Amino acid sequence: MKIAVVGGGGREHAIIKALKKSPKVDKIYALPGNGGIAADAECVDIGAKELSRIVDFAVDNAIDYVVVAPDDPLAMGLVDLLEAKGIPAFGPKASAAIIESSKAWSKDMMRRYGIPTAEYRTFDDPGEAMEYVEKAELPVVIKADGLALGKGVIIAESREDAREGIKSIMEDKKFGDSGNVVVIEEFLRGPEVSVLAFTDGNVVRPMISSMDHKRALDGDKGLNTGGMGTIAPNPYYTQAVADECMEKIFLPTIKAMNQEGRTFRGCLYFGLMITEKGPKVIEYNSRFGDPETQVVLPLLQGDLLDIMMACTNGTLSDVDFRFSSDSACCVVAASGGYPVSYKKGYPVTLPDDTSRIYIAGTKLQNGVQVTTGGRVLGVTETAPTLREAVDKAYRTMEKVSFQDMYYRKDIGARALEALEK
């Protein structure tokens with residue numbers, strides 16, 4: 001089979017490395033891919049939002065299956081366009097991708113169907129939003145309604161922070177039209193858990209749980225990023241919590257989407273908070289998380305292509321797969337200044353064995369990988385225990401270098417603390 005993977009980050013590199021293991025795969029194209037992905041797939045210079053060019057490429061090259069990994073092309077309807085040409089694709093249609101592309105819509109859907117989430121209000125007028133935060137209980141969470149590369153969330157500890165957050169999103173248009181509407185939520189307390197789940201619109205098969213580390217600096221300090229590292233499994237996600245999530249969140253969400261006429265097929269990401277009152281949904285994503293994918297897929301025991309195609313075909317219950325009992329840790333190496341501004345074009349030194357290195361932001365320049373992104377790469381290691389996986393990941397990271405490189409030194413620390421309690 002000839003496969004095309006849309007996207008060009010660490011998540012896509014992890015997906016491509018997993019797909020390569022399938023005996024059914026002859027050829028993988030990455031659109032656009034990156035300098036590291038080029039070692040595992042043929043990169044084609046077509047951007048993830050160039051929908052008509054992607055469709056034309058798939059038709060002209062007789063692509064058998066397309067994996068649409070990023071949020072934008074899903075929300076823009078790439079899966080719909082491919083299916084109209086008879087090309088099956090992994091990912092939800094635009095009508096179902098709204099679960100991520102509009103936070104206001106997903107919050108209203110949860111309210112309609114009684115799915116546990118934070119209390120909230122939605123505003124399209126900055127003045128009314130400002131008025132509301134003057135009286136709201138602090139801290140308060142302010143979210144841009146639309147897609148914002150995982151960065152459209154502000155946790156405001158003070159009234160001043162809240163006012164500034166609303167101004168930057170709604171008036172200064174920090175995230176463009178994604179900030180025309182904001183959702184203002186109560187601040188939930190408790191450990192956060194990420195659960196990715198395969199679904200064919202009826203059956204839900206959760207993957208191993210993970211814990212993302214969003215803040216730029218050690219000790220969960222600094223600005224929110226796309227994610228500075230992850231571990232799996234998440235120690236707070238016990239069997240009892242998993243059972244409650246399946247009963248009160250996962251199955252009700254899939255059922256709600258069907259009742260709304262927006263059947264979801266693909267990977268549905270549940271961002272959860274384990275509160276004193278039980279698990280609640282912080283957010284949904286309509287695709288694999290980044291960098292969660294980089295710790296989840298290395299633990300998958302099964303054929304990823306078979307699983308993906310079963311999601312598309314409605315036959316997920318027929319596919320046998322499980323996850324290893326091992327643990328995984330991914331540490332992200334970023335460019336100095338990320339997530340605000342950073343310089344590009346620095347050569348990257350890698351260890352000899354790159355089997356568990358997922359490249360997020362490089363390009364090839366005269367045969368050398370040079371930095372092009374804020375998050376440059378992720379190092380993932382697996383081991384029988386989390387402590388061993390964390391130690392291995394940091395040992396491997398010592399063999400990676402580029403100018404102005406920085407990475408968090410405490411990925412997995414909170415999880416290890418929880419395990420040792």
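In this text the structure is predicted, and so the values were computed from the model without any measurement.
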- Chi angles and distances behind the salt bridge (Lys or Arg N to Asp or Glu O under 4.0 Å) call for Glu83, Lys93: CA-CA 9 Å; Glu83 288 190 0; Lys93 293 183 173 180; 3.4 Å; yes
Please confirm whether the backbone N or O of [Y] pairs with a side-chain atom of [X], one donor and one acceptor, at under 3.5 Å?
| X | Y | value |
| --- | --- | --- |
| Asp410 | Ala413 | no |
| Ser286 | Glu100 | no |
| Glu186 | Glu119 | yes |
| Ser335 | Tyr338 | no |
| Glu12 | Gly9 | yes |
| Arg121 | Tyr132 | no |
| Lys17 | Ser355 | yes |

Within the supplied structure, the quantity of interest is the number of heavy atoms (other residues, nucleotides, ligands) at a distance under 6.0 Å from [X] [atom1]; does it exceed 12?
| X | atom1 | value |
| --- | --- | --- |
| Asp124 | CG | no |
| Lys248 | NZ | no |
| Asp56 | CG | yes |

Which value, rounded to the nearest 0.5 Å, describes the distance between [X] atom [atom1] and [Y] atom [atom2]?
| X | Y | atom1 | atom2 | answer |
| --- | --- | --- | --- | --- |
| Phe90 | Cys311 | CZ | SG | 5.0 Å |
| Leu300 | Ile208 | CG | CD1 | 10.0 Å |
| Asp243 | Phe250 | CG | CZ | 10.5 Å |
| Leu350 | Gln369 | CG | CD | 5.5 Å |
| Arg265 | Met308 | CZ | CE | 16.0 Å |
| Ile307 | Leu19 | CD1 | CG | 10.0 Å |

- Message: Working note: Leu297 + Phe288, criterion side chain to side chain contact (heavy atoms under 4.5 Å, CB included); need CA distance, chi angles, decisive distance, verdict.
- Response: CA-CA 10 Å; Leu297 289 186; Phe288 280 95; 4.2 Å; yes
- Evaluation steps, side chain to side chain contact (heavy atoms under 4.5 Å, CB included), between Ser95 and Glu260: CA-CA 10 Å; Ser95 63; Glu260 293 286 323; over 6 Å; no
- If the plane angle is over 60° it's perpendicular, under 30° parallel, otherwise tilted; pick one for Phe321 and Phe198.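 Perpendicular, since the angle between the ring planes exceeds 60°.
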- Query: Step by step, would you call Glu420 with Arg387 a salt bridge (Lys or Arg N to Asp or Glu O under 4.0 Å)?
  - Reply: CA-CA 11 Å; Glu420 285 156 13; Arg387 168 62 69 193; 3.8 Å; yes
A side-chain contact here means heavy atoms from C-beta on lying under 4.5 Å apart; do [X] and [Y] qualify?
| X | Y | result |
| --- | --- | --- |
| Ser324 | Thr382 | no |
| Ser210 | Pro233 | no |
| Met76 | Ser101 | no |
| Val141 | Ile184 | no |
| Pro279 | Ile249 | yes |
| Ile357 | Pro351 | yes |
| Tyr406 | Met228 | yes |
| Leu272 | Val241 | no |

No-hydrogen, no-angle side-chain donor-acceptor test under 3.5 Å, [X] and [Y]:
| X | Y | result |
| --- | --- | --- |
| Glu292 | Ser194 | yes |
| Thr371 | Tyr342 | no |
| Gln259 | Tyr113 | no |
| Asn258 | Thr263 | yes |

- Query: By side chain to side chain contact (heavy atoms under 4.5 Å, CB included), which residues pair with Lys107, not counting sequence neighbours?
  - Reply: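 Result, side chain to side chain contact (heavy atoms under 4.5 Å, CB included) vs Lys107: Met110, Thr117, Ala118, Tyr120, Val183, Glu185.
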- List in chain and number order the residues that pass side chain to side chain contact (heavy atoms under 4.5 Å, CB included) with Asn234, two or more places apart in sequence or in another chain; answer none if no residue qualifies.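 Counting only residues at least two positions away or on another chain, Asn234 forms a side chain to side chain contact (heavy atoms under 4.5 Å, CB included) with Val193, Ser209, Met211, Tyr236, Tyr237.
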- For this output row, return yes or no: ring centroids of Tyr284 and Tyr269 closer than 6.0 angstrom.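 Ring-ring flag for Tyr284/Tyr269: false, centres at least 6.0 Å apart.
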- Residues His13, Asp40; criterion side chain to side chain contact (heavy atoms under 4.5 Å, CB included); working and verdict: CA-CA 8 Å; His13 200 183; Asp40 294 291; 2.8 Å; yes
- Check step by step if salt bridge (Lys or Arg N to Asp or Glu O under 4.0 Å) holds for Glu171 and Lys167. CA-CA 5 Å; Glu171 294 177 346; Lys167 180 178 180 295; 5.3 Å; no
Identify the heavy atoms of [X] and [Y] that sit nearest to each other, and give their distance.
| X | Y | result |
| --- | --- | --- |
| Phe175 | Ala148 | CD2-CB, 3.6 Å |
| Gly361 | Asn34 | N-ND2, 4.5 Å |
| Ile166 | Ile142 | CG1-CD1, 4.1 Å |
| Leu419 | Pro235 | CD2-CB, 3.7 Å |
| Ile169 | Gly152 | CD1-O, 4.5 Å |
| Ala94 | Ala75 | CB-O, 3.7 Å |

- Query: Can you tell which of Arg414, Lys214, Arg215 makes a salt bridge (charged side-chain N to carboxylate O under 4.0 Å, His left out) with Asp220?
  - Reply: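 Checked Arg414, Lys214, Arg215 against Asp220; only one passes salt bridge (charged side-chain N to carboxylate O under 4.0 Å, His left out): Arg414.
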Which residue in the set [options] passes side-chain contact (heavy atoms from CB on, under 4.5 Å) when paired with [X]?
| X | options | value |
| --- | --- | --- |
| Val79 | Val6, Ile87, Val66, Val68 | Val68 |
| Arg11 | Thr293, Val5, Ile16 | Thr293 |
| Asp161 | Arg159, Glu157, Arg163, Glu164 | Glu157 |

- Query: Between Tyr407 and Lys409, is there a cation-pi geometry (under 6.0 Å to ring centre, at most 45° from the normal)?
  - Reply: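 Ring-cation test returns yes.
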- Item | Contacts of Lys280 that satisfy salt bridge (Lys or Arg N to Asp or Glu O under 4.0 Å) - sequence neighbours left out |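 In terms of salt bridge (Lys or Arg N to Asp or Glu O under 4.0 Å), with neighbours along the sequence ignored, Lys280 is linked to no residue.
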- Task: For side chain to side chain contact (heavy atoms under 4.5 Å, CB included), just list the numbers for Thr396 and Arg356, CA-CA rounded to whole Å, side-chain angles, deciding distance to a tenth of an Å, and then say yes or no.
- Result: CA-CA 10 Å; Thr396 303; Arg356 285 281 170 79; over 6 Å; no
